[in-house]
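Indexing begins at 1, ligand by ligand and atom by atom, following the structure's order.
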Amino acid sequence: MEIIVSEHSGYCYGVKKAIDTAMEKMDEKGILYSFGDIIHNKRAIQRLSDNGLIVVNDIKSEYESILFRSHGVEKNIYTLAKQKGVEVIDATCVFVKKIQDTVEQNYQSGKNIIIAGDKNHPEVIGINSRADYTAIFITSAEDVDKLDIDLDKEYILVFQTTFNTQKYETIVDKIKAKYKNITIFNTICSATKKRQDSAVELAKKVDLMIVIGDKKSSNSKKLFELTAKYVKSVFIEDKKELESYDFDGINKAGITAGASTPDFVIEEVIDYIKSISKNQ
Ligand code: F3S
């Protein structure tokens, strides 16, 4: 069986930077507190906790310092850390920070905020906190038809960094055709677009796509949704989930992985497929 790995897959710039920062601080301090999971990947989190990372969901004055994850935290968490005298090690990805700033500046200048994305995702909650939790949410072009907005007011629309790039186009077309009072910011991160585009390209050439990522990882889920439109696809967290898979009739397998999937997990999957190919 031929195995082709997607040109862009695995750790993105922001996740890599957060993990490198955490490792550096743990070397220095022995242990490090992280406010929530640094990334959505159980295996990576396990490795980090073996190195001294302690994941917490609160801020206590006994923490010397606390790391904020790549997809950001709510605004009040910074205030809380300051009040408790806890040093903030901010690993919020620059692309997420840019959305937070755009929303905050526009909200403060009187505009209303629309966010395309998953309202329960921590990145989106953090962005919404910059608008005092007043944002309107959409997830599809159908939602644009249901928008209940005041035509005399000004709005801005931002996107979750991992938003589906195909859905982005349909939403933008509909908004432009219907509304003159919504300014659109394309805030989908380029790492997301590159991963999605190269996964789709690969899906068109193979018999099976294997998408590797944590079930909680929204960008991995989106890769799966996209590839499944073109070819039979499986969404796995690691090689164990492939053990019961029947590869009969599969000559070419494509592999892609979300931005929070570590290289060692991808390599384990590749090694596993190579091992079964030999025995076929
Ligand atoms: Fe940042 Fe994009 Fe990754 S927003 S955390 S580089 S997916």
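The salt bridge (charged side-chain N to carboxylate O under 4.0 Å, His left out) test with Glu268 singles out one residue from Lys274, Arg43, Lys240, and that residue is Arg43.
Looking at Arg69 and Asp37, no side-chain N of the basic residue comes within less than 4.0 Å of a carboxylate O on the acidic one, giving no salt bridge.
No cation-pi contact links Lys84 to Tyr63, judged by a cut-off of 6.0 Å to the six-membered ring centre and 45° from its axis.
There is a side-chain donor-acceptor pair under 3.5 Å between Glu74 and Tyr133.
Residue-and-atom listing of protein N/O/S atoms under 2.8 Å from atom 2 (Fe) of ligand 1, sorted by chain and number: Cys189 SG.
Under the 4.5 Å side-chain contact rule for hydrophobic residues, Met26 and Ile89 share a cluster.
No more than 12 heavy atoms of other residues, nucleotides or ligands shown are found within 6.0 angstrom of NZ on Lys17.
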